[in-house]
Amino acid sequence: MGNASQDAIKQLSIMMDQEDDGLKSTFQNMHQGYPTETLVRFLKGREWNVAKAHKMLVDCLNWRIQNEIENILAKPIIPEDLYRAVRDTQLIGLSGYSKEGIPVFAIGVGLSTYDKASVHYYIQSHIQINEYRDRVILPAATKKYGRYIGTCLKVLDMSGLKLSAMSQIKLLTAISTVDDLNYPEKTDIYYIVNAPYIFSACWKVVKPLLQERTRRKVQVLQGCGRDELLKIMDYSSLPHFCKKEGSGSSRHSSNGAADCFSFDHPFHQQLYNYIKQQASSQDFIVPLKQGSFHVDVPEPDPEDRMIVKTIESEFHKIGDSNGLTHSINGLKIDRA
């Protein structure tokens with residue numbers, strides 16, 4: 001890092017030292033022993049503007065306190081059948097690690113339906129995966145490889161993406177806003193695979209609206225991306241939808257344990273058991289009961305709202321050109 005970057009880190013560190021004990025304690029819990037690296041993430045998220053990065057970080061810490069994020073891994077989604085339904089419709093999982101030890105998360109964007117539970121459960125599930133990644137997965141990778149590992153890679157499967165996905169944009173915008181404002185710079189690269197026409201058309205319009213830093217993170221790969229991904233990870237770490245050219249599907253394979261989206265996959269079994277264990281230690285305080293863990297979703301940035309409106313407009317254009325206007329007419333993407 002250059003002198004300017006070092007100065008920015010120092011300034012932000014001094015500003016955080018002046019915050020009250022509650023914020024400092026929450027920051028300590030969040031940074032997992034790596035305060036400088038955490039400050040850098042927020043500085044990058046605000047283009048190294050110290051004042052804006054400070055506000056972003058303080059807002060994040062207040063969000064964590066107000067929504068009891070420190071306790072979210074002790075709030076299981078129960079009963080187990082409900083959690084299984086969430087996993088079947090919110091397709092995400094840990095498929096393995098890159099050759100450099102960076103966790104590889106797979107996301108079935110096109111075939112996630114988000115239709116088996118309330119919005120609150122899906123947001124709760126997403127934040128729990130974020131927190132488990134930051135508190136368990138990344139520290140374990142750091143220890144194993146003997147160097148700090150604080151980010152992940154994401155492989156986004158677009159197979160099955162349809163115009164009807166526009167009805168899910170409110171939820172997806174909420175999840176994206178939570179990530180952008182409270183987990184900045186946690187993903188090194190987004191690999192897009194199995195991209196249909198509808199994605200390609202939207203990407204051409206949205207790409208120029210993104211910040212250069214964000215554009216550099218997105219790589220659209222040909223087909224299922226297998227050959228390109230094998231340059232950075234072993235075959236065993238490939239998401240299941242990348243292992244066979246032309247498979248084109250995020251749907252579960254016959255072997256649930258090999259499908260990183262499935263509740264039967266080791267990652268989700270370990271995650272769910274971890275959450276239940278955390279909850280059992282607090283049972284004597286609050287008995288377990290069914291109910292979603294409501295989390296306030298921060299206001300999205302104006303730039304993000306503009307991007308959502310652009311996607312909405314592009315979806316309508318595609319619908320018009322394909323005679324599908326009736327299927328999306330009247331749908332409106334509300335602010336999350």
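- Atom CD in Q219 sits 10.0 Å away from atom CD1 in I192 (nearest 0.5 Å).
- Nearest heavy atom pair, residue K204 against residue P208, reads O-CD, 3.3 Å.
- Using a 4.5 Å heavy-atom cutoff, the side chains of Q269 and F263 are in contact.
- Here the side chain of N49 pairs a donor or acceptor atom with the backbone of K52 at under 3.5 angstrom.
- Residues V155 and S95 have side chains not in contact (no heavy-atom distance under 4.5 Å, counting atoms from C-beta outward).
- Residue pairs meeting the salt bridge (Lys or Arg N to Asp or Glu O under 4.0 Å) criterion with at least one partner in residues 99-128, sequence neighbours excluded, are absent.
- No side-chain donor-acceptor contact under 3.5 Å links N194 to the backbone of D157.
- Applying the salt bridge (Lys or Arg N to Asp or Glu O under 4.0 Å) definition to pairs two or more places apart or across chains, those involving residues 12-36 are D21-K24.
- For the pair T177 (side chain) and T173 (backbone), a donor-acceptor distance under 3.5 Å is present.
- Inter-residue side-chain proximity for W48 and S5 is flagged as met; some heavy-atom pair is nearer than 4.5 Å.
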Discussion item. Set out, in order, the CA-CA distance, both residues' side-chain angles and the distance that settles side chain to side chain contact (heavy atoms under 4.5 Å, CB included) for E212 and R215, then state yes or no.
Written reply: CA-CA 5 Å; E212 176 60 26; R215 285 200 298 270; 2.5 Å; yes
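- There is a path of hydrophobic side-chain contacts, each under 4.5 Å, that joins L23 to L43.
- Of all heavy-atom pairs between S98 and L153, the closest is CB-CD1, 3.9 Å.
- Note on V295 and L171: same hydrophobic cluster, where clusters join Ile, Leu, Val, Met, Phe, Trp and Tyr whose side-chain heavy atoms are under 4.5 Å apart, directly or indirectly.
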Fill in: Residue pair V218, W203: steps toward the side chain to side chain contact (heavy atoms under 4.5 Å, CB included) verdict
CA-CA 10 Å; V218 180; W203 177 240; 3.6 Å; yes
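- Residues satisfying the salt bridge (Lys or Arg N to Asp or Glu O under 4.0 Å) test with E47, not counting sequence neighbours, are R213.
- Of the N and O atoms on the side chains of H126 and D179, at least one donor lies less than 3.5 Å from an acceptor on the other residue.
- In terms of the side-chain contact (heavy atoms from CB on, under 4.5 Å) criterion, residue partners of K55 (sequence neighbours excluded) are, by chain and number, D59.
- A heavy-atom distance below 4.5 Å is not found between the side chains of K162 and I198.
- How far OH of Y191 is from CG of L221: 7.5 Å, rounded to the nearest 0.5 Å.
- Under the rule for a side-chain contact (heavy atoms from CB on, under 4.5 Å), the partners of T187 that lie at least two apart in sequence or sit in another chain are C152, K154, Y190.
- If you chain together ILVMFWY residues whose side-chain heavy atoms come under 4.5 Å of each other, L181 ends up in a group of its own.
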Item to complete: Decide side chain to side chain contact (heavy atoms under 4.5 Å, CB included) for H265 and D259; before the verdict, give the C-alpha distance in whole Å, the side-chain angles of both, and the deciding distance to 0.1 Å.
Response: CA-CA 6 Å; H265 187 272; D259 176 349; 5.9 Å; no
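- Between I275 and Y132 the shortest side-chain heavy-atom distance does not fall below 4.5 Å.
- Annotation: side-chain contact (heavy atoms from CB on, under 4.5 Å) contacts of D134 (sequence neighbours excluded): L138, Y183, K186.
- Every pair passing side chain to side chain donor-acceptor pair (under 3.5 Å) that includes a residue from residues 228-237 is listed here, sequence neighbours excluded: E228-K231.
- The aromatic rings of H120 and H294 sit parallel to each other, their planes meeting at less than 30°, with 60° as the upper class boundary.
- Partners of D188 by side chain to side chain donor-acceptor pair (under 3.5 Å), not counting sequence neighbours, listed by chain and number: T151.
- In terms of hydrophobic clustering, with Ile, Leu, Val, Met, Phe, Trp and Tyr side chains grouped at heavy-atom distances under 4.5 Å, I102 and Y148 are assigned to different clusters.
- A donor-acceptor contact shorter than 3.5 Å is absent between the side chain of R64 and the backbone of I69.
- Q90 contributes a side-chain N or O that, together with a main-chain N or O of Y122, makes up a donor-acceptor pair within less than 3.5 Å.
- Looking at heavy atoms from C-beta onward, V193 lies in side-chain contact with F241 at the 4.5 angstrom threshold.
- To the nearest 0.5 Å, atom CG of residue L57 and atom OG1 of residue T38 are 8.5 Å apart.
- Chaining together hydrophobic side chains whose heavy atoms lie under 4.5 Å apart leaves I14 on its own.
- Residues F27 and S25 have side chains not in contact (no heavy-atom distance under 4.5 Å, counting atoms from C-beta outward).
- There is no side-chain donor-acceptor pair under 3.5 Å between S262 and R84.
- Listed by first and then second residue, the salt bridge (Lys or Arg N to Asp or Glu O under 4.0 Å) pairs that reach into residues 143-153 come to none, sequence neighbours excluded.
- When atom types are taken as modelled, the side chain of S112 and the backbone of L91 share a donor-acceptor pair closer than 3.5 angstrom.
- Judged by distance alone, the side chain of S13 and the main-chain N or O of I9 form no donor-acceptor pair under 3.5 Å.
- M158 places a side-chain heavy atom less than 4.5 Å from the side chain of P196.
- Taking CD1 from I123 and OG from S118, the interatomic distance works out to 8.5 Å, rounded to the nearest 0.5 Å.
- Counting all heavy atoms, side chain and backbone alike, A174 lies closest to V297 at O-CG1, 3.7 Å.
- E37 places no side-chain N or O within donor-acceptor distance of the main-chain N or O of G150, the cut-off being under 3.5 Å.
- To the nearest 0.5 Å, atom CZ of residue R135 and atom CG of residue N130 are 10.5 Å apart.
- In this structure, I149 and T142 approach most closely via the heavy-atom pair N-OG1, 3.0 Å.
- The shortest heavy-atom contact between I65 and G22 is CD1-O, 4.1 Å.
- The cluster map of Ile, Leu, Val, Met, Phe, Trp and Tyr, joined by side-chain heavy atoms under 4.5 Å apart, puts V40 and Y34 in different clusters.
- Listed by chain and number, the residues in a side-chain contact (heavy atoms from CB on, under 4.5 Å) with M56 are F42, R46, P184 (sequence neighbours excluded).
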Fill in: Stepwise ring-ring contact (aromatic ring centres under 6.0 Å, His included) test for F261 and H268
CA-CA 8 Å; F261 297 149; H268 285 297; 8.3 Å; no
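- Under the 3.5 Å distance criterion, the side-chain polar atoms of Q124 are left unmatched by any main-chain donor or acceptor of V119.
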Discussion item. The test is side chain to side chain contact (heavy atoms under 4.5 Å, CB included); show your working for E185 and K217 and say whether it passes.
Written reply: CA-CA 10 Å; E185 300 297 317; K217 287 186 174 186; 2.9 Å; yes
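- Atom OH of Y145 sits about 8.0 Å away from atom OH of Y97, to the nearest 0.5 Å.
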